[in-house]
Novice: 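I'd like to ask you about the structure that follows.
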Amino acid sequence: MTWADDGNNPMIHFNGVTKDYDNQTALRDITFSVEKGEMIFVTGPSGSGKTTLLKLIYFAEKPDRGTISIAGWETGQLKESSIPFLRRNIGIVFQDFRLLHNKNVFENVAMALRIRGAGEKEIKARVYETLKAVNLRHKADVFPRRLSGGEQQRVVISRAIVAEPTVILADEPTGNLDPDTAEGVMRTFKEINAKGTTVLIATHNRELFRNSGRRVIRLDMGNLVAEDRT
Ligand SMILES: Nc1ncnc2c1ncn2[C@@H]1O[C@H](COP(=O)(O)OP(=O)(O)O)[C@@H](O)[C@H]1O
Ligand SMILES: [Mg+2]
């Protein structure tokens with residue numbers, strides 16, 4: 001099984017996707033596509049279904065109706081055993097996936113490569129290069145608690161990008177950051193995207209995409225209410 005497809009498929013495609021939790025519908029009949037190399041936003045008020053949408057892409061949840069395909073792979077057709085393979089191509093910046101506080105910055109980022117079985121020499125080179133890209137090379141030996149919120153979030157982003165995923169999913173990535181730090185984090189995403197990675201950012205904060213010229217998917221109470229360009 002290879003990640004590469006015939007090149008004609010969108011990176012992400014939802015077709016009539018519905019997701020229910022107990023007796024509540026979190027997403028209702030959602031259809032949209034994300035093209036390869038796009039940087040796109042998902043927005044909407046709290047509870048509108050943004051996090052659920054990202055979890056579906058990451059296979060952390062399964063749709064109750066409809067189909068989802070990633071680079072042409074229809075997720076409903078996949079064997080459970082293929083899921084870890086597909087996940088390796090997706091970098092995530094999720095709120096419930098924070099840094100390990102008993103490991104330093106280097107080890108937190110290296111983790112993503114170790115689970116892929118990379119050698120020590122490659123790990124060293126890639127981790128330092130990635131930390132340099134987010135201006136944290138000098139903090140490699142520091143433990144997360146000694147870093148500011150913005151620095152910690154840049155480490156989370158390093159961990160998400162170090163293995164060069166095809167897609168990055170970020171859930172409220174600037175959530176607790178001051179405006180300047182948030183701007184730095186957004187700049188990092190733009191740079192990753194400029195190198196060809198598809199980036200999908202869920203945020204309730206309109207400032208992040210105002211006048212960005214990017215496509216925005218708007219959710220409200222589980223419905224896709226608009227799809228437009230800012
Ligand atoms: N694990 C869950 N169990 C039950 N309900 C959930 C669960 N996760 C989300 N929901 C509900 O689904 C809806 C969408 O939630 P969510 O996707 O987290 O929205 P957002 O990220 O836009 O705030 C909300 O009404 C929320 O309460
Ligand atoms: Mg959310």
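Atoms within each ligand, like the ligands themselves, are counted from 1 in listed order. One is the number of the first residue; the rest follow in order along the sequence.
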Novice: Does Ser33 use its side chain to pair, donor to acceptor, with the backbone of His13 at less than 3.5 Å?
Specialist: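 No, Ser33 side chain to His13 backbone: no donor-acceptor pair under 3.5 Å.
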Novice: Which atoms of ligand 1 sit under 4.0 Å from any heavy atom of Pro45?
Specialist: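 Answer for ligand 1: 22 (O).
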Novice: Select the closest option to atom 19 (O) of ligand 1 among Gly49, Gly222, Gly44, Ala202, judged by heavy-atom distance.
Specialist: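 Comparing heavy atoms across Gly49, Gly222, Gly44, Ala202, the nearest one to atom 19 (O) of ligand 1 lies in Gly49.
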Novice: Which of the numbered atoms in ligand 1 are under 4.0 angstrom from any heavy atom belonging to Ser46?
Specialist: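 What qualifies from ligand 1 is 23 (O).
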Novice: Parallel, tilted or perpendicular for Tyr58 and Phe94, by the 30°/60° rule?
Specialist: perpendicular
Novice: For atom 14 (C) of ligand 1, grab the closest protein heavy atom and report residue, atom and distance to one decimal in Å.
Specialist: Gly47 O, 3.4 Å
Novice: Tell me which part of Gln24 gets within contact of ligand 1: side chain, backbone, both or neither, using heavy atoms under 4.0 Å.
Specialist: side chain
Novice: Check for a donor-acceptor pair, side chain of Asp20 on one end and backbone N or O of Ala26 on the other, with a separation under 3.5 Å.
Specialist: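 Between the backbone of Ala26 and the side chain of Asp20 there is no qualifying donor-acceptor contact (under 3.5 Å).
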Novice: Tell me which protein heavy atom sits closest to atom 18 (O) of ligand 1, plus the residue, atom name and distance to 0.1 Å.
Specialist: Thr51 CB, 3.7 Å
Novice: Verify, without hydrogens or angle tests, whether Asn108 (side chain) and Lys103 (backbone) share a donor-acceptor contact under 3.5 angstrom.
Specialist: yes
Novice: Distance to 0.1 Å, residue and atom name: give those for the protein heavy atom nearest to atom 22 (O) of ligand 1.
Specialist: Lys50 NZ, 2.8 Å
Novice: Look only at the side chain of Thr18 and the backbone of Asp29, and say whether a donor-acceptor pair between them is shorter than 3.5 Å.
Specialist: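 Yes, the answer is positive, given that a donor and an acceptor are paired below the 3.5 Å cut-off.
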Novice: Which residue and atom name correspond to the protein heavy atom nearest atom 1 (N) of ligand 1, and how close is it?
Specialist: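 Of every protein heavy atom, Tyr21 CE2, 3.8 Å lies nearest to atom 1 (N) of ligand 1.
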Novice: Quick one: nearest non-hydrogen protein atom to atom 15 (O) of ligand 1, plus distance?
Specialist: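 Scanning the protein heavy atoms, the shortest distance from atom 15 (O) of ligand 1 goes to Thr52 OG1, 3.9 Å.
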Novice: Under 4.0 Å from a heavy atom of Ser48: give me the atoms of ligand 1 that qualify, with their elements.
Specialist: 19 (O), 20 (P), 22 (O)
Novice: Give me the residue, atom name and distance of the protein heavy atom closest to atom 12 (O) of ligand 1.
Specialist: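 Protein heavy atom at minimum distance: Ala26 CB, 3.5 Å.
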Novice: Counting backbone and side-chain atoms alike, is an N, O or S atom of Thr52 positioned under 2.8 Å from the Mg ion (ligand 2)?
Specialist: no
Novice: Verify whether one side chain among Thr230 and Ser212 offers a donor that lies under 3.5 Å from an acceptor in the other.
Specialist: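 Yes, because at least one side-chain N or O of Thr230 sits under 3.5 Å from a partner of the opposite role on Ser212.
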Novice: If you apply the rule side-chain contact (heavy atoms from CB on, under 4.5 Å), what do you find for Arg146 with Lys139, and how did you get there?
Specialist: CA-CA 10 Å; Arg146 309 280 305 263; Lys139 300 279 187 181; over 6 Å; no
Novice: Any donor-acceptor pair under 3.5 Å linking the side chain of Glu151 with the backbone of Ser148?
Specialist: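 Checked: pair present.
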